[in-house]
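Just so it is clear, the model here is predicted, and its values are computed rather than measured.
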Amino acid sequence: MNDITTGAVTVTVPTPDDAPAIVDLAAGMLPCRLCGIAVDEAGAVPADPLVVRRYGFDSRLVAEEEQPTVLCSSCVGIEREARRVIAEQYVLTVPPGRVVAALRVLDMLGGPAPTFTDDEDVRSLVEHVPAAELIGFAGPSAKVGTCSSSRWAHVSDGLRRTLREGAARWMRTRLERPTPVAPPATSERRGCVLCGVGTVPALPSRAGEVWTECYISAASLGGGNGAQGSVDGHTCPACSAAIAATDRGGVAAVQAAVLAFIGYQRTTWEPIELTGVRGWGLRSGATPNRQPWAHVDLAGLRRSVAAFERGGAS
C-alpha cells in the first residue's frame with residue numbers, strides 16, 4: 001500500500017502488488033452495502049440488496065441476480081454520526097442523505113469525522129465532494145458472491161482521486177480567514193456604485209461571489225432627472241440586497257441601502273424626500289470609500305429622516 005497525504009487527509013491507495021480489490025465471499029458472510037467488506041450475516045443490520053443486471057448487445061436485459069447485503073458496524077457508526085451532525089444544525093440547507101455520503105467519503109479517505117462549526121461548513125463539504133453517493137459497493141466492480149478485500153477497496157482510482165482532491169480543497173477553505181476583496185479588475189468603478197466602499201471582507205474561496213455586476217442610469221443614482229448616461233460597475237452585498245428588495249435599481253434602491261446602513265427601518269420602499277443622497281458611482285474616477293456611504297453627510301441624513309418622521313406623525 002502507498003500512503004498519500006494531501007493537506008490533512010491521508011489516503012491509502014492499493015498498489016499492483018497488493019491483494020485484489022474484489023474477492024469472493026466466504027460462507028456465512030455478506031458484503032456491506034456501503035464499504036463492501038465481508039460481514040458475518042448473523043445479527044448484522046440488513047440493507048438494500050445488491051441487484052446485478054447483464055444486458056445483451058441489443059441492450060435487452062438477459063440476466064438479473066440479487067445479492068443480500070448488510071451494514072458493517074463502522075458504516076452504522078457513520079450513519080449515527082451523520083444523524084448527530086444533522087440534529088446539531090438548527091437550519092440545515094443540505095439534504096440529510098448528502099451529509100451521510102460526505103461523511104462516508106472522509107471515512108474512505110482515512111480522515112476522522114470532523115467537528116462542524118455551522119450549516120455553511122456542512123454545505124461546503126458536501127459541495128466539494130459532489131460524487132460522494134457513488135462510492136457504495138455497487139456498479140461494475142460489485143458482483144454476486146463477492147466483497148471488497150478491505151473497506152472501500154472497490155472504489156476506483158479515478159473516483160478516489162477526485163474525492164481526495166475535493167476533500168483537500170474543503171479542508172483548505174476551513175483554514176481560510178476573511179481578506180479584503182475589491183471589485184473585479186474589469187469593473188469600471190473601483191468601489192460599489194451605490195455606497196462607494198472599496199473592499200468587502202470575504203473568504204478567498206468565495207471572492208468571486210462578493211460583487212454583483214450592475215448597469216444603472218445616472219438619474220437613478222440621484223443625479224436628477226436631467227442626468228444623462230449610465231454607470232457600469234458592481235455593487236457590494238448590502239447594496240445588492242437593497243436592489244433585490246426594492247425590485248429595481250433606481251432611487252428607491254439607493255435610499256433603501258443608505259437608510260439600512262444608518263439603521264432606519266422602513267415599511268415601504270417608496271422614495272422619500274432626502275437631499276444629498278447620491279450613489280457613489282456618479283463620482284467617476286473618485287477614490288473608493290473606506291467606509292460605506294462616506295461621501296454622504298450621514299449626520300444630515302439622520303436629521304432629514306427625523307424631520308420626515310415628525311412630519312409623518314403630525
Side-chain angles (χ1 to χ4, degrees), residues 1 11-14 18-87 92 94-114 122 125-164 166-167:
M1 293 284 185
V11 184
T12 302
V13 181
D18 292 326
I22 303 296
V23 296
D24 292 335
L25 274 169
M29 309 292 279
L30 290 175
C32 174
R33 188 66 177 82
L34 299 174
C35 74
I37 61 167
V39 180
D40 188 337
E41 61 180 306
V45 177
D48 293 336
L50 170 68
V51 179
V52 179
R53 299 181 176 90
R54 289 193 297 111
Y55 297 87
F57 291 109
D58 56 358
S59 300
R60 286 189 306 168
L61 180 66
V62 297
E64 180 176 289
E65 295 179 287
E66 189 172 289
Q67 168 74 65
T69 68
V70 294
L71 294 180
C72 70
S73 58
S74 295
C75 287
V76 169
I78 295 173
E79 301 271 350
R80 188 181 302 116
E81 174 64 15
R83 287 196 295 270
R84 184 190 66 78
V85 169
I86 294 167
L92 186 66
V94 181
R98 299 192 67 190
V99 178
V100 179
L103 292 183
R104 291 178 195 146
V105 168
L106 296 185
D107 179 76
M108 179 196 71
L109 297 176
V122 179
L125 171 61
V126 170
E127 288 179 348
H128 279 87
V129 289
E133 288 87 352
L134 302 179
I135 68 172
F137 187 66
S141 60
K143 296 179 175 61
V144 170
T146 66
C147 64
S148 294
S149 57
S150 60
R151 285 179 59 79
W152 311 111
H154 62 277
V155 180
S156 69
D157 291 343
L159 179 56
R160 190 183 297 268
R161 180 170 56 254
T162 296
L163 293 170
R164 180 176 68 241

List the atom pairs, with distances to 0.1 Å, where a side-chain N or O of residues 26-39 and a protein N or O form a donor-acceptor pair under 3.5 Å, not counting sequence neighbours.
unit_1: R33; atom_1: NE; unit_2: D48; atom_2: O; d: 3.2
unit_1: R33; atom_1: NH1; unit_2: F137; atom_2: O; d: 2.9

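- Here the closest non-hydrogen pair linking P96 and I86 is CB-CD1, 3.4 Å.
- For L163 against A131, the heavy-atom pair with the smallest separation is CD2-C, 4.1 Å.
- Every pair passing salt bridge (charged side-chain N to carboxylate O under 4.0 Å, His left out) that includes a residue from residues 129-138 is listed here, sequence neighbours excluded: R98-E133.
- The shortest side-chain heavy-atom distance between C72 and R151 falls under the 4.5 Å cut-off.
- Between the CG atom in L103 and the CE atom in M108 there is a gap of 12.5 Å [rounded to 0.5 Å].
- Once rounded to the nearest 0.5 Å, the distance linking NE2 of H154 with CD1 of I135 reads 7.0 Å.
- By the side chain to side chain contact (heavy atoms under 4.5 Å, CB included) test, T162 pairs with no residue at all, sequence neighbours left out.
- Looking at T146 and D24, their side chains come closer than 4.5 Å, going by heavy atoms from C-beta outward.
- By the 6.0 Å contact criterion, CZ on R60 is open, its count of non-hydrogen atoms from other residues, nucleotides or ligands being 12 or less.
- Under the 4.5 Å side-chain criterion, counting only non-hydrogen atoms from C-beta, D107 is not in contact with S74.
- No side-chain donor-acceptor contact under 3.5 Å links S149 to the backbone of V23.
- Using a 4.0 Å cut-off between charged side-chain N and carboxylate O, R104 and E81 make no salt bridge.
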